[in-house]
Amino acid sequence: MPRRATLTYSSEDAPAVGESRVYVYYCKYSGQHTLTTNCNLSKAPRRRTDGARVIDTKIFTAKLYTTEGGSKLIKRQSGNVEKQYRYNIGKLPVAYRTEPDGQYLYVLEGAVTSYSSQDPAQGSSPPVPPCILPLNKDTTQVSLEIDDRADKPSIIKISADHVRIEIAGAITAPETNEEILEFMRALLAVRLSQMSLIRGESTRHKLLMVQKVKPADVYQQLQKALKQ
């Protein structure tokens, strides 16, 4: 049985707001209608942890045309673990809450676009998937999923959740981090001193921190490597 569409509304008692216009947003990947709201996302505040746009549903109305994406634990740079309740278009997460019926709806950075003729034209650059996030103005985080014991290191796939790579050594070997960093250095064309690794949600998941490279540039380099 297909998962039901999730329609999310603000409280009927929400105060009147200055925004009388309705904004329609579409998934940047599929073009599917994703969100209708009276909140202009280009003016909405950004969440400090991941750059997501924040919609306060006690102030704005937000109607989602998504499926339930389940819950996922996200480890932040501070070490705190956050549980996200996700909303998907297909398999791609486009928004989330941190509580099942929470007041704040977070729209992932680069996940949606508006085709309104009254809005400025959208850029033609491909959207950056949520697995490549800006932590701050100087640091980009890349979520890695790692397969081991391959013939040679390579990049396999870029999905919404992870950049999947394979390495030649065993995942539990002492030199694993060194192999991953050297491989990613070559892919991203950066210095080793610009990168660091921390453990993710499991042994096969790691978080790569890249200094002084923007998420869009990281994504572009990884796409080039994937096509080779």
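Between Ala168 and Glu179, the shortest heavy-atom distance links the atoms N-OE2, 2.7 Å. Considering all non-hydrogen atoms of both residues, Val213 and Thr140 come closest at O-OG1, 2.6 Å. Taking all atoms of both residues into account, the shortest heavy-atom contact from Leu133 to Pro215 is C-CG, 4.2 Å. Contact detail for His33 and Ile89: the closest heavy-atom pair is O-CD1, 4.1 Å. The nearest pair of heavy atoms linking Lys224 to Gln228 is O-CG, 3.2 Å. Counting all heavy atoms, side chain and backbone alike, Ile156 lies closest to Leu226 at O-CD1, 3.4 Å.
Here the straight-line distance linking atom NZ of Lys214 with atom CD1 of Ile132 works out to 15.0 Å at 0.5 Å rounding. Within the model, atoms CD of Gln77 and CG of Leu207 stand 9.5 Å from one another, a figure rounded to the nearest 0.5 Å. The distance from the CG atom of Leu187 to the OG atom of Ser154 is 9.0 Å, given to the nearest 0.5 Å. The distance from atom NZ of Lys212 to atom CZ of Arg191, rounded to the nearest 0.5 Å, is 7.0 Å. From Leu222, atom CG reaches atom CG of Leu188 across 5.0 Å, with rounding to the nearest 0.5 Å. With values rounded to the nearest 0.5 angstrom, Arg199 atom CZ is found 8.5 Å from Lys75 atom NZ.
Checking side-chain atoms of Thr176 against main-chain N and O of Ala173 turns up a donor-acceptor pair under 3.5 Å. Not a single donor-acceptor pair under 3.5 Å links the side chain of Asp148 to the backbone N or O of Ala170. Between the side chain of Arg86 and the backbone N or O of Gly69, no donor-acceptor pair lies under 3.5 Å.
At a threshold of 4.0 Å, the pair Glu166-Arg204 does not count as salt-bridged, since none of the basic side-chain nitrogens sits closer than that to a carboxylate oxygen.
The hydrophobic cluster containing Val210 also contains Leu197, counting ILVMFWY residues as joined when their side-chain heavy atoms lie under 4.5 angstrom apart, directly or transitively. Two different hydrophobic clusters hold Tyr87 and Ile74 under the rule that ILVMFWY side chains link at heavy-atom gaps under 4.5 Å. In terms of hydrophobic clustering, with Ile, Leu, Val, Met, Phe, Trp and Tyr side chains grouped at heavy-atom distances under 4.5 Å, Leu41 and Phe60 are assigned to a common cluster. Transitive grouping of hydrophobic side chains (ILVMFWY, heavy atoms separated by less than 4.5 Å) keeps Tyr23 and Leu108 in distinct clusters. Both Ile146 and Val142 sit in one connected hydrophobic cluster of ILVMFWY residues. Membership requires side-chain heavy atoms under 4.5 Å apart, directly or through other members.
Taking the six-membered ring where the residue is Trp, Tyr106 and Tyr104 present tilted rings, their angle falling between 30° and 60°.
Looking at heavy atoms from C-beta onward, Asp147 lies out of side-chain contact with Ile167 at the 4.5 angstrom threshold. With contacts defined as side-chain heavy-atom distances shorter than 4.5 Å, the pair Thr66/Val94 qualifies. Side-chain atoms of Val163 and Ile155, non-hydrogen and from C-beta on, do get closer than 4.5 Å to each other. Annotation: side chain of Pro153 is not in contact with side chain of Ile165 (no heavy-atom distance under 4.5 Å). Residues Met184 and Met195 form a side-chain contact, since some pair of their non-hydrogen atoms from C-beta on lies under 4.5 Å apart. With contacts defined as side-chain heavy-atom distances shorter than 4.5 Å, the pair Leu35/Tyr65 does not qualify. A heavy-atom distance below 4.5 Å is not found between the side chains of Arg53 and Glu109. Using a 4.5 Å cut-off on side-chain heavy atoms (C-beta onward), Arg47 and Thr98 make contact.
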- Could you check Thr61 against Thr37 for side chain to side chain contact (heavy atoms under 4.5 Å, CB included), going step by step and ending with a plain yes or no? CA-CA 5 Å; Thr61 298; Thr37 178; 5.6 Å; no
- Task: For Cys27 and Val112, run side chain to side chain contact (heavy atoms under 4.5 Å, CB included): C-alpha distance rounded to whole Å, both residues' side-chain angles, the deciding distance at 0.1 Å, then the answer.
- Result: CA-CA 5 Å; Cys27 174; Val112 298; 5.6 Å; no
- Task: Check step by step if side chain to side chain contact (heavy atoms under 4.5 Å, CB included) holds for Glu182 and Leu192.
- Result: CA-CA 7 Å; Glu182 183 58 39; Leu192 280 174; 3.7 Å; yes
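Counting only N and O atoms by type, the side chains of Lys206 and Asn177 include a donor and acceptor under 3.5 Å apart. Residues Tyr96 and Asp50 bring a donor and an acceptor atom of their side chains to less than 3.5 Å of each other. Inspection of the Gln221 and Gln223 side chains reveals no N or O donor paired with an N or O acceptor under 3.5 Å. Asp56 and Gln103 are linked by a side-chain donor-acceptor pair at a separation below 3.5 angstrom, with hydrogens and angles left out of the test.
For Lys72, the NZ atom sits in a packed shell: over 12 heavy atoms of surrounding residues, nucleotides or ligands are nearer than 6.0 Å. In the displayed structure, Glu178 atom CD is contacted under 6.0 Å by at most 12 heavy atoms of other residues, nucleotides or ligands.
Both the sub-6.0 Å distance and the 45° axial angle are not jointly satisfied by Arg97 relative to the ring of Tyr85.
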